[in-house]
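Written out below as structure tokens is the structure these notes cover.
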Amino acid sequence: MTAQLINGKEKASEIYTALRDKISALPSKPKLAIILVGNDEASLIYVRNKQKAADLVGITAELFHLPENTEETELLQLIDTLNTDSQTNGVIVQLPLPDHLNTHKIINRISPLKDVDGFNPYNTGMLQNNEKPYFIAATPLGIMKLLHDVCPKLTGKNVVIIGASLIVGRPLATLLLNNECTVTVTHIHTRFIEELTRQADILIAACGVAKLVKQDWIKQGAILIDVGINRENGRICGDIDFEDVKDKASALTPVPGGVGPMTVAMLLQNTVNAYLLQNPSL
Ligand code: NAD
């Protein structure tokens with residue numbers, strides 16, 4: 001393998017150490033409320049990982065696990081309660097929600113000051129305007145941290161993102177644009193996608209299609225960031241065919257151990273920032 005491995009697990013562990021030190025100096029523990037509706041298998045694993053990591057750094061993560069058939073009004077009421085609870089610093093709703101619930105309406109109800117997932121329109125709008133939001137979505141934020149290490153000067157870089165979701169592709173495109181990159185966002189309806197990806201100095205795959213990106217999709221020496229988490233023959237793999245590209249790229253993230261651990265670390269960092277935001281005298 002000639003490409004540099006971008007080790008998200010190691011980077012996340014450094015962030016955990018810094019957070020643990022910071023939290024131990026606070027007068028009380030920051031608190032994160034996690035709302036989970038239903039029993040989606042992947043969501044249960046993600047929530048458990050978030051709780052474990054929170055525990056490790058000294059954040060109290062309280063899970064509100066509601067049944068699949070929870071009514072919208074009930075969920076909105078819970079969010080209202082948590083928004084006004086002075087002991088709760090961050091509130092997140094694990095996505096996806098069951099089909100009968102309006103995701104936008106629910107996310108929009110979280111106070112922008114407690115929206116540690118950074119999905120509330122106040123925070124996304126501030127990011128879009130290149131102003132300072134209270135919080136930026138954890139996955140894009142984690143990717144930016146990894147990118148700054150391997151590519152400290154982002155200005156002028158050609159970046160192609162595969163995937164235009166609200167939680168990854170769109171906020172990431174905005175962050176990169178705010179860092180003076182030239183950004184192309186592609187999606188399921190993009191035609192001749194390989195012609196675009198081959199232009200990329202930095203290629204970010206976030207589409208949820210196992211091993212979609214092959215060697216002939218990338219430019220020699222490209223930096224590759226793989227956001228995808230897919231299961232193939234009982235094993236986890238990304239959206240990039242790691243074995244196929246590893247001798248052509250200059251640097252790339254593995255799956256698992258790349259973007260995933262950074263997402264959790266950034267959520268916890270946002271929670272500590274929420275605590276400090278709500279306790280301005282500290
Ligand atoms: P999503 O389903 O909301 O969006 C997928 C996007 O990819 C859409 O814009 C769609 O048009 C595009 N797309 C789908 N198939 C495509 C194709 N063949 N070619 C080009 N574009 C295509 O997904 P999401 O929530 O953004 O998640 C994407 C992937 O990233 C999933 O595998 C998810 O599990 C993973 N994910 C990982 C993390 C992490 O922390 N590592 C965080 C969030 C999501």
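Note that the structure is a prediction, hence the values are computed from the model and not measured. Indexing begins at 1, ligand by ligand and atom by atom, following the structure's order.
- Contacts between Thr186 and ligand 1, counted as non-hydrogen atom pairs separated by less than 4.0 Å, are absent for every part of the residue.
- The shortest N or O to N or O distance between Thr263 and ligand 1 is below 3.5 Å.
- Closest to atom 13 (N) of ligand 1 among all protein heavy atoms lies Cys207 CB, 3.6 Å.
- Side-chain atoms of Asn179 come within 3.5 Å of backbone N or O of Leu175 as a donor-acceptor pair.
- Listed by number with element, the atoms of ligand 1 under 4.0 Å from a non-hydrogen atom of Ile162 are 20 (C), 21 (N).
- Nearest to atom 25 (O) of ligand 1 among the protein's heavy atoms is Ile167 CD1, 3.5 Å.
- At a heavy-atom cutoff of 4.0 Å, ligand 1 is contacted by the side chain of Thr139 but not by its backbone.
- Using a distance-only test at 3.5 Å, with no hydrogens or angles considered, no donor-acceptor pair links the side chain of Asn89 to the main chain of Ala274.
- By the criterion of a heavy-atom distance under 4.0 Å, neither the backbone nor the side chain of Leu166 is placed next to ligand 1.
- Remark: among candidates Gly228, Gly142, Ser165, the nearest residue to atom 24 (P) of ligand 1 is Ser165, based on non-hydrogen atoms.
- Heavy-atom proximity to Gly260, at under 4.0 Å, picks out these atoms of ligand 1: 40 (O), 41 (N).
- Of all atoms in ligand 1, numbered sequentially from 1 with element shown, those under 4.0 Å from a heavy atom of Ile193 are 20 (C).
- Remark: minimum distance from atom 37 (C) of ligand 1 to any protein heavy atom is reached at Val227 O, 3.0 Å.
- Here Tyr122 pairs with Tyr134 under the ring-ring contact (aromatic ring centres under 6.0 Å, His included) rule; sequence neighbours left out.
- Between the side chain of Asn279 and the main chain of Tyr275, a donor-acceptor pair closer than 3.5 Å is present.
- Shortest non-hydrogen contact noted between Gln199 and Lys219 is O-NZ, 3.9 Å.
- Heavy atoms of Ile229 found under 4.0 angstrom from ligand 1 belong to the backbone as well as the side chain.
- When only non-hydrogen protein atoms are considered, atom 44 (C) of ligand 1 lies nearest to Val168 CG2, 4.0 Å.
- Note: the hydrophobic cluster containing Val116 also contains Leu26 (ILVMFWY, side chain heavy atoms under 4.5 Å, direct or indirect links).
- Note that the CD1 atom of Ile167 and the CG atom of Leu172 stand 11.5 Å from one another [nearest 0.5 Å].
- Less than 4.0 angstrom separates atom 41 (N) of ligand 1 from at least one non-hydrogen atom of the protein.
- The ligand atoms of ligand 1 that sit less than 4.0 angstrom from a heavy atom of Ala164 are 6 (C), 8 (C), 9 (O).
- For atom 16 (C) of ligand 1, the closest non-hydrogen atom on the protein side is Ile188 CD1, 3.6 Å.
- A donor-acceptor pair is defined here as one N or O able to donate and one able to accept, closer than 3.5 Å; no such pair exists between the side chain of Lys22 and the backbone of Val272.
- Regarding atom 27 (O) of ligand 1, its nearest protein heavy-atom neighbour is Ala206 O, 4.6 Å.
- With distances taken over non-hydrogen atoms, the option nearest atom 31 (C) of ligand 1 out of Pro261, Ala42, Gly208 is Gly208.
- Remark: the backbone N or O of Met126 is not paired with any side-chain donor or acceptor of Glu131 at under 3.5 angstrom.
- In terms of modelled atom types and a separation under 3.5 Å, the side chain of Asn120 and the main chain of Ile110 share a donor-acceptor contact.
- Residues Ile225 and Val255 do not share a hydrophobic cluster, clusters being chains of Ile/Leu/Val/Met/Phe/Trp/Tyr side chains in contact below 4.5 Å.
- Nearest non-hydrogen protein atom to atom 6 (C) of ligand 1 is Gly163 CA, 3.6 Å.
- Val47 and Ile229 end up in different hydrophobic clusters when Ile, Leu, Val, Met, Phe, Trp and Tyr side chains are linked at under 4.5 Å.
- Not a single heavy atom of Gly169 sits under 4.0 Å from any atom of ligand 1.
- Ranking protein heavy atoms by distance to atom 19 (N) of ligand 1, first place goes to Leu212 CD2, 4.0 Å.
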